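Chain naming here is simple, since letters A, B, ... match the order of the sequence lines and numbering starts at 1 in each. Just so it is clear, the model here is predicted, and its values are computed rather than measured. Every heavy atom of this structure was used, including side-chain atoms; hydrogens, water molecules and symmetry mates were not.
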2 protein chains.
Amino acid sequence: MSVAIENFVKAIYNNDNHDIKDTKPGNIAKKLGISNAAATDMAKKLAVKDLVNYEKYQKLQLTEKGTKMALNVVRKHRLWESFLFKMFDMSLHDIHREAELLEHQTSDLLADKISAYLGHPKFDPHGDPIPNADGEITTEDTSISLAEATEGKTYIISRLLSDDKEFFDFCAQNEIKYRNIVTVSKQFISNKMTQISIGSNSIVLNEDFTKIIYVDEN
Amino acid sequence: MSVAIENFVKAIYNNDNHDIKDTKPGNIAKKLGISNAAATDMAKKLAVKDLVNYEKYQKLQLTEKGTKMALNVVRKHRLWESFLFKMFDMSLHDIHREAELLEHQTSDLLADKISAYLGHPKFDPHGDPIPNADGEITTEDTSISLAEATEGKTYIISRLLSDDKEFFDFCAQNEIKYRNIVTVSKQFISNKMTQISIGSNSIVLNEDFTKIIYVDEN
DNA sequence: ATTAATTTTTAAGTATGCTTAAATTTTTTA
DNA sequence: TAAAAAATTTAAGCATACTTAAAAATTAAT
């Protein structure tokens with residue numbers, strides 16, 4: 001199957017499981033940077049191949065076969081990200097860019113070798129679960145709130161959850177973004193309040209405002 | 001530039017530097033598994049892009065730009081082979097297959113990271129030189145004759161050079177082939193004669209019959 | 001509940017990278 | 001060196017994966 005097809009089923013899979021809950025052609029098109037017409041066209045072609053259930057004007061849905069393919073590509077993507085993250089000093093952005101290409105040119109054999117080398121990890125550096133070779137995926141969430149972080153350890157921001165303007169200003173000031181790597185200094189103030197320091201700035205926050213994921217003992 | 005184009009210039013480069021000394025469209029076509037017509041067609045297109053010098057019925061020649069591109073792809077191929085060889089227990093055949101795909105989806109940045117990780121090696125597991133980031137290539141030959149091999153060390157056969165029928169029969173019997181990994185046991189018999197044991201069979205040979213390349217201390 | 005806005009679909013067209021078949025040129029060999 | 005063989009080129013055509021433009025359907029808004 002072609003790169004275009006793999007990216008198409010992956011886009012449906014990701015839209016279905018993550019952020020956007022709409023898998024109509026237009027959303028997939030936007031995600032892939034192609035025209036709506038091209039997306040409709042592809043959807044029809046993939047219906048013939050039994051990868052997608054297509055009905056006019058309806059959401060696109062992966063068949064069992066299509067889901068398997070998507071999981072296989074996602075597995076390779078997340079394995080590459082994990083592997084490159086471990087092996088090389090590269091930004092997560094660059095790593096993502098490489099994985100986006102490598103995922104389509106990786107045999108199941110090589111994927112298994114990478115997985116074994118890493119000790120068959122269940123999550124990638126972003127905290128996203130890595131499907132196993134059979135397409136099974138761990139659904140448990142390993143992310144924790146920033147307040148639960150251990151002093152001095154390094155984490156990756158997997159989500160920013162807050163309705164506190166002050167908090168977002170703090171993030172902006174420190175360039176704390178989704179997928180940023182941060183080292184946490186903190187101090188309990190009271191029951192549900194913690195003072196967090198990142199860089200030279202600090203803020204007092206209550207729990208459950210920020211989702212982070214543990215990455216490295218460093 | 002597309003995968004098809006990268007493979008095309010690579011094929012010209014390899015044909016020009018290795019085995020076959022003919023870079024007419026038919027030879028390139030055979031190497032790539034495409035029709036002669038397709039090769040002629042591509043050659044004309046690449047001439048427009050200043051990658052290939054094309055003259056009807058003549059050999060195809062890479063321009064400076066085309067050579068640069070070929071060296072860049074060859075670099076990535078050989079770096080991937082070196083890297084996968086070091087990291088994973090896979091057959092050289094499988095490793096070659098993976099590298100053939102990965103070479104086209106690897107940024108210069110990642111190639112440099114791999115190169116640095118390996119200590120900027122000058123040769124890959126086959127003994128082929130790895131061009132550096134500027135496309136410079138080491139021409140010295142690190143291969144040695146089998147008679148020069150060190151007892152108990154492991155080598156890769158980079159070439160079989162002999163007009164001795166007995167030697168080739170010996171190789172056939174022991175499945176010694178180009179790119180085979182062998183562990184050498186040997187014993188000097190006289191001035192130019194050495195008894196080599198590979199597996200349970202042995203043969204008495206004079207020097208300069210077999211080119212091998214050092215691979216591993218193992 | 002219409003109208004307006006948006007989205008989806010259809011239709012026609014394009015670039016890439018191939019194919020096969022036939023014409024042309026080169027190379028071999030007898 | 002002339003005929004036969006082989007290779008190259010030209011020509012026509014195809015599949016993939018897109019594009020833009022216009023028609024049709026859906027969704028949103030007043």
With a 3.5 Å cut-off and sequence neighbours excluded, list the donor-acceptor pairs that the side chains of residues 1-9 of chain B form with protein atoms.
residue : atom : partner  : partner atom : Å
B/Ser2  : OG   : B/Ile5   : N            : 3.2
B/Glu6  : OE1  : B/His104 : ND1          : 2.6
B/Asn7  : OD1  : B/His104 : NE2          : 2.9

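Judged as a salt bridge (charged side-chain N to carboxylate O under 4.0 Å, His left out), and not counting sequence neighbours, the contacts of A/Asp94 are A/Arg97. The salt bridge (charged side-chain N to carboxylate O under 4.0 Å, His left out) search around A/Lys45 returns A/Asp41, not counting sequence neighbours. Scanning for salt bridge (charged side-chain N to carboxylate O under 4.0 Å, His left out) contacts around B/Lys76 gives B/Asp108, with sequence neighbours left out.
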Can you check side-chain contact (heavy atoms from CB on, under 4.5 Å) on A/Lys113 and B/Met87, steps first, answer last?
CA-CA 9 Å; A/Lys113 294 284 181 187; B/Met87 298 299 295; over 6 Å; no
One pair to check against side chain to side chain donor-acceptor pair (under 3.5 Å): B/Glu98 and A/Ser107. What are the steps and the verdict?
CA-CA 7 Å; B/Glu98 305 285 348; A/Ser107 71; 2.3 Å; yes
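Contact footprint of chain B on DNA chain C: nucleotides with an atom under 4.0 Å from a non-hydrogen protein atom, first to last in 5' to 3' order, C/dG17 to C/dT27.
The CD1-C1' distance, from A/Ile5 to D/dA15, rounds to 12 Å in whole Å. Taking atom CG of residue B/Asp22 and atom P of nucleotide D/dA6, one finds them 16 Å apart after rounding to whole Å.
Within residues 34-44 of chain A, the residues approached by DNA chain C to less than 4.0 Å at the level of any non-hydrogen atom are A/Asn36, A/Ala37, A/Thr40, A/Lys44, in residue-number order.
Along DNA chain D, the nucleotide nearest to B/Tyr54 and the one nearest to A/Lys56 differ in position, and the one closer to the 5' end is contacted by B/Tyr54.
Relative orientation of the A/Phe83 and A/Tyr117 rings is perpendicular, given thresholds of 30° and 60° on the angle between their planes.
Tested against B/Arg75 for a side-chain hydrogen bond (donor to acceptor under 3.5 Å, both in side chains), the candidates B/Thr106, B/Asp112, B/Asp124, B/Asp134 yield a single pass: B/Asp112.
In the set D/dA17, D/dT26, D/dT9, D/dT26 carries the atom at the smallest distance from any side-chain atom of A/Tyr57.
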